[in-house]
Amino acid sequence: MSVPADLLALDARDPLSYKREEFALPDDLIYLDGNSLGAMPKAVAQRLQHVLDEEWGRQLIRSWTGEADWMSLPDRVAAKIARLVGAKPSEVAVGDSTSINTFKALAAALHQTPRKVVLTDADNFPTDLYMAQGLNALLGGQLELRRVPSDQIAAHLTPDVGVLLLTEVDYRTGRKLDMRGLTAAAHAQGILTVWDLAHSAGAFAVDLNGCEADFAIGCGYKYLNGGPGAPAFLYVAERCHAAAPVFLSGWMGHADPFEMGREYAPAAGARRYVVGTPTVLSLSALDTALDVFADVDMEVLRQKSLSLTDTFIRLMQPLTQKHPLTLATPEAHAERGSQVSYHHPDAKNIMNKLIARGIVGDFRTPDILRFGFTPLYHSHADVWRAAEGIAEVLA
Ligand SMILES: *Cc1c(COP(=O)(O)O)cnc(C)c1O
């Protein structure tokens with residue numbers, strides 16, 4: 001069997017097909033896990049070599065303020081991410097992990113409201129729940145973390161809720177929530193929003209300003225391809241800056257770090273949420289990785305993503321008749337991120353077999369087979385080969 005002609009035709013007119021060349025991906029692999037660790041843009045290797053040889057190796061300490069300008073690196077990376085998430089550069093801070101930025105966002109949001117209830121999705125990603133639990137311990141247990149199923153969030157936006165903490169795209173099912181509608185509904189009740197964009201940023205156009213989101217956090221190593229443990233980002237809407245305190249008030253978020261003043265004074269804009277010395281090596285990798293998006297129209301990217309996931313769902317459909325395999329991802333485009341997941345009682349074992357064949361997705365507890373699609377480096381032919389491989393493993 002070879003790739004069907006209709007899929008080859010789709011690939012032939014794919015406006016993003018030239019992007020595949022920009023990634024270092026082994027040819028014998030169908031890599032469907034860019035939602036967990038993005039593939040490496042080739043230019044990152046050259047950039048890091050330059051940082052090592054020249055910026056660190058030769059220029060040493062002079063690189064903080066010299067040509068390399070490491071001091072402004074977080075801000076330059078923030079500007080690139082801001083474009084992808086529909087924010088102003090001054091509303092984005094880059095550094096630390098998504099977990100730590102969740103803490104910063106939640107702490108700042110809770111400080112803007114007298115209400116003590118944090119409403120979240122019962123199936124939210126563990127770290128979002130854990131960080132809320134830790135913050136609650138710090139605050140002496142005065143918070144209530146209210147967890148409800150994601151389809152009941154809207155009904156639970158009651159006037160006692162202070163902060164709505166949600167992940168836009170569920171990491172297991174790939175269900176995409178209505179960020180615009182839920183944010184508006186939350187605001188109507190005086191509730192602030194914290195959106196986790198771990199599976200959104202770089203996967204499709206996000207419009208934080210257009211949705212009037214208050215706070216958001218996101219991940220650098222998933223669809224942004226910044227490399228393992230890449231710095232994360234924090235978004236704070238401009239209108240919240242004045243009232244949102246900086247609790248992790250480190251010197252790199254100070255208005256003038258080298259003044260070495262005795263009192264903390266926040267830098268302008270979201271730079272105040274940068275805490276300590278920027279992680280130059282990983283920031284440099286992320287900085288160059290983001291250049292892959294520079295000439296990409298995110299609407300075109302989204303259309304291709306939907307075409308890939310539609311194709312996958314269609315090709316997998318016959319398998320759901322023959323095997324105990326059920327689609328976990330919504331079929332409606334508005335409710336789908338850039339991944340497709342299935343329930344299968346033997347999911348863990350099946351995924352191990354797929355990975356052994358070079359079809360790399362992942363397993364998520366309890367029974368989820370997860371396949372991430374990255375429009376920058378997948379073709380419809382890849383989707384077909386993946387579905388063929390899955391059929392063989394299931395048989
Ligand atoms: C991947 C992911 C994170 C990752 O947090 P880290 O601090 O980078 O480990 C956070 N939230 C969600 C929803 C994720 O999917």
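As the structure lists them, so they are numbered: ligands from 1, and atoms in each ligand from 1. Atoms considered below: every heavy atom in the structure, side chains included; atoms not considered: hydrogens, waters and symmetry mates.
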Compile the donor-acceptor pairs under 3.5 Å between side chains in residues 63-71 and protein atoms, sequence neighbours left out, one pair per line.
residue: S63; atom: OG; partner: E55; partner atom: O; Å: 2.7
residue: D69; atom: OD2; partner: S72; partner atom: OG; Å: 2.7
residue: W70; atom: NE1; partner: E55; partner atom: OE1; Å: 2.9

>> Could you walk me through whether V206 and M179 satisfy the side-chain contact (heavy atoms from CB on, under 4.5 Å) test, starting with their C-alpha distance in whole Å, then the side-chain angles of each, then the deciding distance to 0.1 Å, before giving a yes or no?
In response: CA-CA 9 Å; V206 178; M179 182 158 89; 3.7 Å; yes
>> Could you go through E91 and N209, starting from their C-alpha distance and side-chain angles, then the distance that decides it, and tell me whether this counts as side chain to side chain donor-acceptor pair (under 3.5 Å)?
In response: CA-CA 10 Å; E91 293 175 314; N209 284 166; 3.0 Å; yes
> Distance-only, no hydrogens or angles: does the T167 side chain make a donor-acceptor pair with backbone N or O of D170 under 3.5 Å?
Replying inline: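 Not confirmed, T167 side chain does not pair with D170 backbone.
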>> Distance to the ring centre below 6.0 angstrom and angle to the axis at most 45 degrees; does that hold for K222 and Y171?
In response: no
> Listing by chain and number, which residues have a heavy atom under 4.0 Å from ligand 1?
Replying inline: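 Within 4.0 Å of ligand 1, protein side: S97, T98, S99, F125, T127, D128, T167, D196, A198, H199, Y221, K222.
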> Looking at D291, D287, D53, which hits salt bridge (charged side-chain N to carboxylate O under 4.0 Å, His left out) with R47?
Replying inline: D287
